[in-house]
Amino acid sequence: MKHKILILSALIIITAGLLFNACKESFLENNPIGPITSEVLANRNGVNGVLIGAYSLLDGLGGNVTEGFTRGISNWQYGEVASDNAHKGSTYSDQIEINPIENYSVLPTNGYMSGKWNCLYAGAQAANEVLRVLSKAEGEFSEEEANEIKAEAIFIRSVFLFEAAKMWRYVPYIDENVTVANDNFYVPNDQDILPLIEADLKWAVEHLNPVQGAIGRVNSWGAKALLGRVYLFELKFAEAKAILTDVIDNGVNSIGVKYDLVNFSDNFNPVKQNNAETVFAVQMSVNDGASGYNGNAADALNFPQGGPGGGCCGFFQPSFDLVNAYKTDPVTGLPLIDTYSDSDITSDQNVAPEQPFTPYTGTLDPRLDWTVGRRGIPLLDFGTNPGSWVRSKPDAGPFIAMKNLYWKVDEETMTETYSSWRPHGATSNNYNMIRFADVLLMAAEAEVEAGSLDKAQEYVNRVRARAANPGGFVRTYKDPANPTGGFTDTPAANYFIKLYPAGYFAARAKEGARELVRFERRLELALEGHRFFDLQRWDKLQPGYMSNALNTYIDRELESFDYQILEGASFTINKNEIYPIPQSEIDNSEYNGVVTLKQNANY
Amino acid sequence: MEKEQLSDYPAKTGWQKFVRIMKLTTFLIFVLTVNVSASLYSQNSKISVKIENGSLNEIFSLIEEQSEYRFFYQNEQIRDIGKKTVEVTDRNIQDLVADLLDNTGLSFRLVDRNIIIFPKDNQSSTAVTQQPRQITGQVTDQSGSPLPGVTVVLKGTTRGTITDSEGNYAIPNVAPDAVLVFSFVGMKPQEIPVSGKPAIYVTMAEEAIGVNEVVVVGYGTQAKKDIIGSVSVIDVDQIKSIPVTSGEQALQGQAAGVNVITSGVPGAESKVFIRGISSFGNTQPLVIVDGIQGSLADVNPNDIESVQVLKDAGAASIYGVRGSNGVIVVTTKKGKTGAPVFTYDGYFGMQAPPSGNVFNTMNTSEYASMAMDLHPGTLFANGIPDYLYGGYRNGVFVNGTAKEGDPAVDPALYKFDPNDPYADYLIQKVNKEGTDWFHEIFKDAPMHSHSFSASMGTEKANYAFSMNYQDQKGTLIESRLKRYSIRLNSGFNIGEHVRIGENLNVIYKENPNVSNQDQNSAIAMTYRSMPLIPVYDIMGNFGGTFASPPDLGFSNNPVAVMKNTNRNKSEHTNINGSIFMEIDFLRYFTARTRFGGAIGNSYYLNFSYNAYYDREAHYGDNSLREENSRYKSWTWTNTLEFENQFGKHHVKLLGGSEAISGQGRTLGGSAAGFLLTTPEYLTLSNGTKNIVNWSHGDKDNLYSLFARLDYAFDDQYLFGATVRRDGSSRFGADNRYGVFPSFSAGWRISKAAFLSQVEWIDDLKLRGSWGKLGSQNNVGLYNAYTLFNSAFSRSYYDINGDHNIVQGFYASSIGNTKTGWEEDIITNAGFDLSVLNSKFTLSAEWYKKSINGLLFPRPLPSTAGGASAPTVNIGDIQNTGVDFTANYRSGDFGKFRFNVGLNLTTYKNEVIDIPNPGYFYSGGTSIGAAVRNEEGHPISAFYGYQVEGLFRDAADMSDHAAQNGAAPGRFKYKDVVKDDKIDEADRTFIGDPNPDFTYGINLNASYDNFDLSVIFYGSQGNDIFNYTKYFTDFWDSPAGNKGRSLLNAWSEQNPGAKVPVAEAASSFSTSGVVNSYYVENGSFLKCKNLTVGYRFKPALLNRIGLDKMRLYVQVANLFTLTKYSGLDPELTPNQSGDQASAAFGIDYANYPTNQKSYLIGLNITF
């Protein structure tokens, strides 16, 4: 009997087991642990969080993208190394995929192409995500509030799409309706999307607040400045002139400070950024729990080898051509636009660190030594450049890029170890996407095309006047053994810079004035990621301009030193003005047997 | 049906001679099924026999084949009885036998299914049946030696005894119809009916695999003879003879269709492929340990009772979604009926790394002379320097070379500050002989293992307890495995119809991770580090590249890399087990329930010292990372089984349900900037910088219903069907359930009338199966959901510009609710043959495995956004091949016996369909992807330029298609598309890492008390992409040491060379791209194991109280025959996740598995 009861009760258990869950569907419902769905985010905090997430991608990293070397917002490879301003740096075989970018032999299969493309479209979709979540947050916002958020998102999307258009010209335009769920993401690159970006930015300008209260949040003036730049790329000079004039005359930054020029070097000093010159800056932060990924991670290797910035890894070295461009006329104090490259300024290219060296004694634009580190000159407060802070001079020359550095005294607070292996590789040095000097020089270009050469000269001179302020010169250390101990009043080099005398531009007519503005732009904005795209823009106005400039540069640079990457290099007209569409994207764009994306000409 | 006579049977009484003992494994089946089926053999069973002029012997055989009845008789007694013609239909068995024995002077008695035949004139039989008496006898082994310690019990009771030192036993008061059960560890148990005999002498045979063996298959057992699915039964004794650290390694070469690729890293998971690679991701088979999903690596090999590998749909479909990659079913030991048995198994051994100049690298002077020719620079400007130095002097970084006496290398200048790289000034003395980097990190290493077990059983209860301690140091310094495990299995019978029991296994292991198959690992650095660099600098800190001129290359000091892992920990605790209950009821039914659970905990600690000895810089910060993950899971399985015999129809029907639930959670943190590096100080709280923490969790549920039907007609026609319906939480509601059916059929031809008289055929069976299996391995847990995530580094932003970040969210994954099951359709056909009293067995099978709806991350263009793409069902991979197994077991040649086993498996792999553009690259290297997975080609096929030779001269170049970087002595690539230029379009398939076939050969022999076992394992026709050549065979690859092959590089004086010209600059035509220069023949044959053992004589052992003792010596990896130039042709893949199987056969610098080891071991039973 005992056994029978046992058997019976056991059978009941087993039967229950057999039937277990048969009607319990929730056993198979698996609510994710950690991640959340868009429904959870469809409210005020959620929408704002998704918007912050979109901003966080501006630096080139974020979301699922965790490696930034190929895709940073600074465009150091695409905008500078590929131009006449800089070399890859380090050694020939280090990050060898950059070599073909520098010598105009880049292939569609190059990983840097797909890296950049992925980042830009991930960013554009991150901005679209804001619009999509916003559309689900019914009743959470007033129409005005909703439009403001929408305008910020559209601005961010425009930044990414505009970058893509600069890199590849004809690229897919994607708005918030392009999703996997809608199955419409095979978007062709069959049109010039600049007009669409222009329209988006116009809408953003109308709906953005003029003052945001947060310096990192774009305001209507920032959007106007970007719209001005888009107009220049479209060669719509009249529209550009109008909107940029408005920005110059009336613009304030996102915290309400009227735009103005500040001390030149403050723009590249993490503790003095976010000032009156800030039109739109991508904010970098460190020591924030992100292992350096929020701090200029794409430039983590771009520090002098064995010197400041954690002593690694020697990428991004200025060219001789750029350094020579800062020579000034010893009489007029003006740039030597036609003759600057007749000879090289003295360098330690062939001088060992232990051998004596005297820096160039000729007259120079003071902006050189805030832009390029060279032997014998104080490098911020890191000490007098000893000539041993480059990885390999035979590989990439003797110069150091400076605008991405920080000051030694701020090392603990303004830098962080990047990804646990690059001490001081991450910095909180913002990327100035648009600063006021840039606005002035863009406006100057527009004025030249409008024929108002005096106005153009006025803008250029405003920029030069700031550079000419002796208070902004690099000066010698009070005690070279203690570089953080302050500076003397003695300029570190023979700086001599003057404004253009009245009527100078007009005397050289439109064509001459154009070159003057362009040259000033190079000096002011060198190594800030613009140069290649400026050349591209000018080439659009004057076809052949870019190939002429860069092929001349290749020949000239090889005279300065035996630079392996540029040996045999040549810029191909009607090809190298833009980059090849990444092959992987073309491969992935095949849908129902049709390849949606078309490769750029001659690639 | 094997009939075996007791040859040395003492003629004590007359009538016992009548008994003829059948092969006792049959009894085993009988015992296992008797509870259910005893009542089936009604004495009124009807039988049909038709035979002309058959001897009584033949007639009895025929009856045995057609029924479950067994005859016991002695040949002499029936030899003289004339032949008879019998033709009866549906005759009562008793009547039939009575007719047959009419006028023969013989009579019979029916006990259960046993028909015992005895002479009529021996009246004692009836007399004896009336009264109990003492039974005596002796038990011997096959060599005739007495077996002490054998348990003898009366079946169905707890009464019994144990044989004494001479193998004798005596049991009083035994009923004449009782059955004696003889059992002994490692021997086949025997059951012998007393049948009134006063003395029973028994010869016990070692357990061997025979057609009558019962094997564990999905959710039940099956007689091996009835199996029609593809099941490989592993020879467990063979496994135990190899002292391996994981059960997976032991499977290598043991079963056709089971390929195991192991790594030399102690404790590393092996890659097991059953019938080829059928996915780009995870292809590991499902492992079921005692009914619950488990890990073969965590089972003590000494605990294993049996291992079966279910390969086809017929066998594995019952596991549905988890069965796609095959199923390995492991059963652990239970206590056997009898007295307590204690065993000790232990070994001690030394492992030896390969000797000599393993990568054939240059010494210092060879390197220096080549460097001076090709790259005149500071390093050898004045010949081989005496010193190298580097660091800061007066705030200026300097580095260079120096001769003895140079003030720059004054030891007083030496300075090393781990926390301030700007203070360092390091000096190292050049090693002019050359540092043998490989043997600086690979040393002889000991390993030992100790297992103790205790087990016993009675009719009512049994238990088996074991403990194991294993300690293996790797030959690579700082690599090691330590494992402690305890297992307890027990079972209880409550009454006659209820059985309950449990299995419990507790494991703790320490097994730090080792970087393997990585061009930046310490192993790779042994050929990348220049020989002139010393291991230690002048002050005993590590030597390296940083403190010296740039020409020292990009390597890391391998000794430093390994020694700096000395703080690392990787500790795992796992407790798993199950409780179960079985109930027999309503005569034909058995219900079973099993509830299993596992609790696991893994702890990792990783401390990175700030490296000052490598190329990049003296990193400022050391860092600590600590992570703890715990998981828990449970499985509840309930089944109901029905079994019955209706005439000739045998039906077994099983239905069941299973719920599996798993949850895990990980907590971790990291910090940098530790002032001290002592282990006690290394807690996260002491970090000063980069403080990060994280946690994440997961959850995974599965609910399934399944059923199986086994049907046999006349024991000749076999049919099986299974179906399983799985519901998984990994799929969206639209596609949550998958149904996986299978059908199999078999024909035991040996039972057919036309073969029944062919005596030399024991068994011949044709079989075939078709079915579907599933896989959800390669789909994320939350694939159905579109999700947002949040992380400081990914979505937070300093929107206020005040260095305080604000939380943001990012779209992390795109969901797809339509994604469903990956279906694996397997067709299988084969035969099993056993001839000459099972001396020779042969099995061959053809199979085709086709993946339908391969789970693959949908390749999305970037315009879809940065969120990760959902896994969808696209793609098809197909494998076809043949598994072949043959075994020969010799008879006895005096004291000598041997057996030989061969297994071989072929497979042809083809990627049938993958998403646009129909290929993808994998197997990344510094010169591009080595692998292109493309439709119409095998998985992981190597892809690049085909080298036709080296350019001889300008004329040779101008005759050839235009090639970038063409120059004499550089590679001449094949113009595949014949357009007179060499470009990306000319890349082609240059190699295939999939073998044509792999094989295992097992030899076992014994002579007297000696035994010998040899295992070979081989792979034929596989190519290897030897990526190590990128560093050794090209001067222009990253600077570092080079191979001696470059001494024979092409030059105008050496135009016949195969190695391209040594030069400073890299080019498309030398080291710049993936080409066929790297591809080598990777075929190999390894002698995995050679063991010689000696069994001590029982007489000797009894004096010291032991029952059995065996001492053995073993050499593992005695030799490897291969043409491959690298360390070891057996290469584990280096990728993971959904690309885990997308690229393999690439040598990125492999921890060799073929290192010799020498062991001495001991097995004791007492």
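Throughout, a chain's letter reflects where its sequence line sits, starting with A, and its residues are numbered from 1. Hydrogens, waters and symmetry mates are skipped; everything else that's a heavy atom, side chains included, is used. On a predicted model such as this, the values are computed, not experimentally measured, just so you know.
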Under 4.5 Å from a heavy atom of chain A, the part of B:F920 involved: neither
When you compare the side chains of A:S291 and B:N690, does any donor N or O come within less than 3.5 Å of an acceptor on the partner? no
So which part of B:D698 gets closer than 4.5 Å to some heavy atom of chain A, the side chain, the backbone, both or neither? backbone
With a 4.0 Å cut-off, would you call A:E29 and B:K699 a salt bridge? no
Between A:S56, A:G46, A:G53, A:G216, which has the largest tally of heavy atom pairs under 4.5 Å with chain B? A:S56
Straight-line distance of A:F27 CZ to B:S661 OG, nearest 0.5 Å: 4.5 Å
Could you look at B:F788 and say if it's the side chain, the backbone, both or neither that has a heavy atom under 4.5 Å from chain A? both
Of the backbone (N, CA, C, O) and the side chain (C-beta and beyond), which part of A:D183 lies under 4.5 Å from a heavy atom of chain B, both, or neither? side chain
Out of A:V282, A:N294, A:D288, which residue meets the side-chain contact (heavy atoms from CB on, under 4.5 Å) rule with B:Y797? A:V282
By a 4.5 Å heavy-atom criterion (distance strictly below it), what part of B:Y810 contacts chain A: side chain, backbone, both, or neither? side chain
Using heavy-atom distances under 4.5 Å, tell me whether B:I799 contacts chain A through its side chain, its backbone, both, or neither. both
Heavy-atom contact with chain A under 4.5 Å, split by part of B:E658: neither
Per-residue contact mode, B:T786 against chain A (heavy atom under 4.5 angstrom): backbone
Pairs of heavy atoms under 4.5 Å with chain A: top-ranked of B:D700, B:I691, B:L860, B:T637: B:L860
Tell me, for A:V180 versus chain B, whether the close heavy atoms (under 4.5 Å) come from the side chain, the backbone, both or neither. side chain
Does a side chain donor of either B:Y782 or A:N31 reach within less than 3.5 Å of an acceptor in the other side chain? no
